[in-house]
Structure formats: C-alpha cells, structure tokens
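Letters go in sequence order (proteins before strands), and every chain restarts at 1.
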Protein chains: 2
Amino acid sequence: MLKDRRNPAPASAQPLPPFPLYRLVGGGLDLACGGEIRHVHKNTDIIIAGRHYQALFVNHGGWLFRYKILHNGDRQIMDFILPGQIFGLQACLFKTALYSVAAATDVLLSSVSLEAIDRVFEDNPPLARALFWSAACESAIIAEHLIDTARRSAYERVSHFLLELLVRLKATGVVEGMSFEMPLTQELIGGALGLTTVHVNRTLRALREDGLIAIEGRRVTILDFEALSLICDFDSSYLGEAARTLRGEMAPSGPAAQPRRHIRSAVPPSRLI
Amino acid sequence: MLKDRRNPAPASAQPLPPFPLYRLVGGGLDLACGGEIRHVHKNTDIIIAGRHYQALFVNHGGWLFRYKILHNGDRQIMDFILPGQIFGLQACLFKTALYSVAAATDVLLSSVSLEAIDRVFEDNPPLARALFWSAACESAIIAEHLIDTARRSAYERVSHFLLELLVRLKATGVVEGMSFEMPLTQELIGGALGLTTVHVNRTLRALREDGLIAIEGRRVTILDFEALSLICDFDSSYLGEAARTLRGEMAPSGPAAQPRRHIRSAVPPSRLI
DNA sequence: CGCCTAATTGAACCCGGTCAACCTTAGTGG
DNA sequence: CCACTAAGGTTGACCGGGTTCAATTAGGCG
C-alpha cells in the first residue's frame, strides 16, 4: 500500500529519529500502516526462518522474540521485540528469513507491506532513513548481546539484561519508577542469555539476595541501578538517542557500590589498554 | 567533501548489490572516494570508541577488527574487516562510536567523507541502498557470532569461524582452492570467539588431529568442508547474496562425515521441531 | 646471536550445565 | 468448592568444558 502521505513535519535534515522506530507509529513518521490490527496469540510464530517475506510488522502491544533453532535443538534468542517496535526487516532483505519471530505474549500487530523494499530508497527518503537508523540500533543491541554471552558471567549477563529492558521499556512509557512488568519465563531469559533455566533461576536469586533487584510475580524492580551498571559495565548509549536523555533521571546517585559475587576478574583500570 | 559525482551507471532498481559492499570500490557503485590511499601500520587504532566520526573508511588491503574493551580489561572482537569492505558506518550514526577499530595487519585505507549521512538518503538512493544492505549483512554476521558464543562449543566455534572466513574471503578472490592466508594470532581468534588463547590452541590442534583442517604458518586449509559444516551447522546464507553462488562450487561432495569430539549433543534431527 | 612475540603443553580449579526431585501457581471441570 | 493437571519456578548433587597459572618451545628480526 504505502499511502505515501509523507510526514507533515518538515522533511528537513533534522537529526535521526529518536529510537529504533520505537513509538514510530503515531509518532514522528507515519508508516502508512496497512490498517487493521491483528491479534496474535502467545507462542505463535509470526516469521518463520527459511520463508520469504515482503512486509514489515509493527508491534502495538506485547512482547515477541527473534530466534533460531540449531541442529542440536538449542534455541538461541537474538533479541526481544518490545511494544512500538517494528520487525521483519531482515526477513525482507534476505532471500529468505534468517531467523524466526514468535510471540512471547499475546500480541497486537499490524503489517506494513513494502511492495519492494528497493523502492523505499527512491520514493521515501525519510522512511529509508528511519529504517536505517532502526537497523543500526538493532544491530548495536545484538552486538551488546554478543558481549554478554562472550565475556560476561551469568551474574553480569542477567544484570545487563535487566538494565537493558529497563531503559528500552522506559522509552515506551511503561516503566513506573524503577520497576516494570517482564512477561518472560526463565526459559526465555536463558534462551537469550545462553544460560539454562536452572542457572537463570539461581542467578536471579543471587541478585535478589544481594539487594540489587526485587521480583514480585512478573514485576521486576531495579533497586540499585548504579551498582548493577558497574557490575556489568552497562552503558546505555548503544540503545540509541532516546536512552541518552534518560541517564540523569535514572541514576539516583549513591556511592559507587562495590560489585560482589563471581565477577570474572578485578583487573585495575590500568589494564584498560 | 563528497565530490558528488553520481554513479554514471543507471540508477535503476537493480537487485541489491552483491556483498556487504565488498569490492564495492572499482566495482558497481563508485563511492566518490576521497582519493589518496593511506597506509596504516599493524596495531594502529583507526576508530576509537567514544569519539565522533564523520567519514567512512574503505579497506583496500589487510585485515582490521572491530572491538570493545570491558571494564575488566577483556577485549571482545565483534568481527573482522576484510579487504574490500567498508567500515565506520556505525561510528558515524551514533553520536559517539560504540566500538573501536584497529588494524590486525598493515592496511591500505581510503576515507569517504560523508559530510552528513542524512543527505545520502535524499541525494543518492543507490548509495543509501548499498549502505543499508551492507549494514544488514554485517548485522547478520554479528548475529551469527552471537550464536557462536552462546550455543556452540569451542570446537564448533572455531570450525564455524574458519568456514566463515573461507566463504567471505572467497568473495574477495584471495582463496586458492580451499586454503587462505589468515594473518591472525590465536589471541585475536580467541578475542573474537570468547575463548582463551590456550583453548584456541588446543582446539586448533584437535581440528588438525581430526583431519579437518591443516595449518602451515599463516595458511589455513579446509580439508573437509562438509564435515566442518555439519559440526557447527554452518549455513553461509547469512553472509549475503554472493555466498549463495558459492555453495555448489565449494562442497566437494563426499559422504556426510560423522562429526566427532565433544559435540554438545547428538540429538537426532527429529527434535528440530 | 639475543630479544620479543606467539605458539604449545601440563595441571589444578571452577562456573555453569546436567539430571532429578519437589514446590507453587493458575486454570479447569465436576 | 475442591481435586486434578500442567506449566513454570526452586533447589540439591555431581560433572565437565574451558579458564587460570605457569613453564617451555618455536619464529621473526635487528
């Protein structure tokens, strides 16, 4: 479809759009949505690796995740798709989708048929730019996940994971203070972090016992943002523009808490080159 | 500068360019290079995380790598930048570069100043498309590295790593048969795969003893492409278009060799959902 | 021929996986 | 109202792949 009613706002050379297309719908750019919003049930696959796709999806509510099944049956989750985010871009670009996308919760979706992605670059520069920025941020998120699994201990990984969720959800406006709803099973968390359910459980307990987080039901509360950030050297800049404005508001100061537990090594900063 | 002499070639809606911009220079698109080619010595940083950049770089020869140093001193290598590849795009997009880029060998570079990346989308759709496709492929490579570190054993990781290099280098034309020069120390390999030097060494030895690869000096020879592919379920499709044309030519057939050694599990394909 | 970097190899240790049991919660139907 | 069920959370015991520490050997180069 692509109704091509451009953004009413000046198509000037304003800085890149705020977040990876989060809140893009109804916000700055209007993606000229296909219209009707579809309801999709939990555990349904939206995109299946190996098939070809010609449309993007907009997530209007609920959580999804991008994943891949290996030949040994393991499932690696690349990242989670939060409300307001688009997905399915990669599936369009490659002849065949590299990864599957499934709903972690019940989800509200609309699709945006991009007849030929090619055209976008000639016809709709603002959209092209938005897509590009979106892809860059997603790429950065995955890169950070790479660091997670390659360099961080389980304790650090889970810390990093929760902080990332906090900051990303903050951008969608569903964070109250320092707590948010996390509709994920420990199996999904483990699937994303390269850990087993058992160990995710143990690690969450450790974080709780250390007074860094609190969990009641599905609600997670970050009790000590600074300490957690130190533990896993979390730097939200990889999450894009929007994150930057949050920094001040998030860090409640407090003396640099000493990270404890199996931190992989305590090499002094001098080794930082 | 951006001399803005557009691509003389038709700006038609031809399919996406072949590879992540590999061989882009002198090939299809002319990036309007800044001109002079700079020689950079091994171990020099080209891009430094935290600084801001306004230009892309083209690698005309030699290997580089994108990396990040963690607070504990660990260095994670995100990916290697091979001859013909461009880099520094992400550094331009974000206010400040997320990762550093250093030369693994002596390197020949030219830079492409893109005064404002913004402009590209309005002014030069073909370039925009090329950049986009490049970013998508790089993202896919990193995603595969994520799977490496999260789900694969050391034996599988190293296998996967070598196969990826083979396929990517094939696209640059420096592969002779099934062998190629790999100017990397085991420390660099470990830095990319999330392993210690020691274990990289042991794993390479195991692969050699199993008759899967051979190493003489810096030259690596893949002795059994099929077996290695099975071990780490390597599927080159994530490397983009170009890879696809290689498949037939690479697999020298041979019965599906049975992967040995500590494969994490030998669940029959039935469990593949 | 020394010097430095990289490659090798050995031995001890430990984080996280594996296996297995048990508990909690929510939903369902009689 | 409660028994029954299934999915997810929790915990313990043990094991092993990969790290760590440390020492030795090869390779390139002035």
(request) Answer yes or no: does a side-chain N or O of Thr196(A) lie under 4.0 Å from OP1 or OP2 of dG17(C)? (result) yes

(request) Nearest 0.5 Å please: distance from the CG atom of Asp106(B) over to the NE2 atom of His39(B). (result) 4.5 Å

(message) Please tell me if Arg218(A) has a side-chain N or O lying less than 4.0 Å from either OP1 or OP2 of dG9(D).
(response) yes

(request) Measure from CG on Asp74(B) to P on dT19(D) and round the result to the nearest Å. (result) 10 Å

(message) If you assign each of Val198(B) and Leu204(A) to its closest nucleotide in DNA chain D, which residue comes earlier from the 5' end?
(response) Leu204(A)

(request) Grab the CG-P distance between Asn43(B) and dA6(C) for me, whole Å please. (result) 8 Å

(request) Find which nucleotide of DNA chain C each of Lys42(B) and Leu195(A) is nearest to by heavy atoms, and output the residue with the more 5' nucleotide. (result) Lys42(B)

(message) Output the rounded distance in Å from NE2 (His199(A)) to P (dG9(D)).
(response) 16 Å

(request) Please give the angle, rounded to 10 degrees, between the axes at the start and the end of the helix from dC1(C)-dG30(D) to dG30(C)-dC1(D), where five pairs define each axis. (result) 30°

(request) Return the nearest nucleotide to the side chain of Arg202(B); candidates are dG10(C), dG8(D), dT10(D). (result) dG10(C)

(request) Could you tell me whether Gly194(A) contacts a base, only the sugar-phosphate backbone, or nothing, with contacts defined as non-hydrogen atoms closer than 4.0 Å? (result) sugar-phosphate

(request) Could you tell me whether the side chains of Ser179(A) and Glu176(A) share a donor-acceptor contact shorter than 3.5 Å? (result) no

(request) Applying side-chain contact (heavy atoms from CB on, under 4.5 Å), run through Glu138(B) and Gln90(B) and close with a yes or a no. (result) CA-CA 11 Å; Glu138(B) 270 175 38; Gln90(B) 205 175 58; over 6 Å; no

(message) Between Asp233(A) and Arg152(A) (salt bridge meaning N to carboxylate O under 4.0 Å), is one present in this structure?
(response) yes

(request) Would you please name every residue forming a ring pair (Phe, Tyr, Trp, His ring centres under 6.0 Å) with Tyr67(A), sequence neighbours left out? (result) Phe65(A)

(request) Report yes if at least one side-chain N or O of Asn201(A) is closer than 4.0 Å to OP1 or OP2 of dT10(D); otherwise report no. (result) yes

(request) Scan for side-chain hydrogen bond (donor to acceptor under 3.5 Å, both in side chains) pairs involving residues 184-198 of chain B, sequence neighbours excluded, and state none if there are none. (result) Gln186(B)-Asn201(B)

(request) Take atom CD1 of Ile215(A) and atom P of dT24(C), then tell me their distance rounded to the nearest Å. (result) 18 Å

(message) Check this for me: Arg38(A), atom CZ, are more than 12 non-hydrogen atoms of other residues, nucleotides or ligands nearer than 6.0 Å?
(response) no

(request) Between dG9(D), dA7(C), dG16(C), spot the one nearest the side chain of Thr185(A), thanks. (result) dG9(D)

(request) Would you kindly give the CD1-to-P distance between Ile189(A) and dG8(D), to the nearest whole Å? (result) 12 Å

(message) Donor-acceptor pair, distance only, cut-off 3.5 Å: does the side chain of Glu144(B) make one with the backbone of Ile141(B)?
(response) no

(request) Grab the CG-C1' distance between Leu188(B) and dA6(C) for me, whole Å please. (result) 11 Å

(request) Could you tell me the separation between the CG atom of Asn72(B) and the P atom of dT19(D), rounded to a whole number of Å? (result) 14 Å

(message) Strictly below 4.0 Å: does Gln186(B) bring a side-chain N or O up to OP1 or OP2 of dT8(C)?
(response) yes

(message) Between P on dT19(D) and CG on Leu193(B), what's the gap in Å once rounded to a whole number?
(response) 10 Å

(request) Please work out if Arg205(A) contacts a base, only the sugar-phosphate, or nothing of the nucleic acid, heavy-atom cut-off 4.0 Å. (result) sugar-phosphate

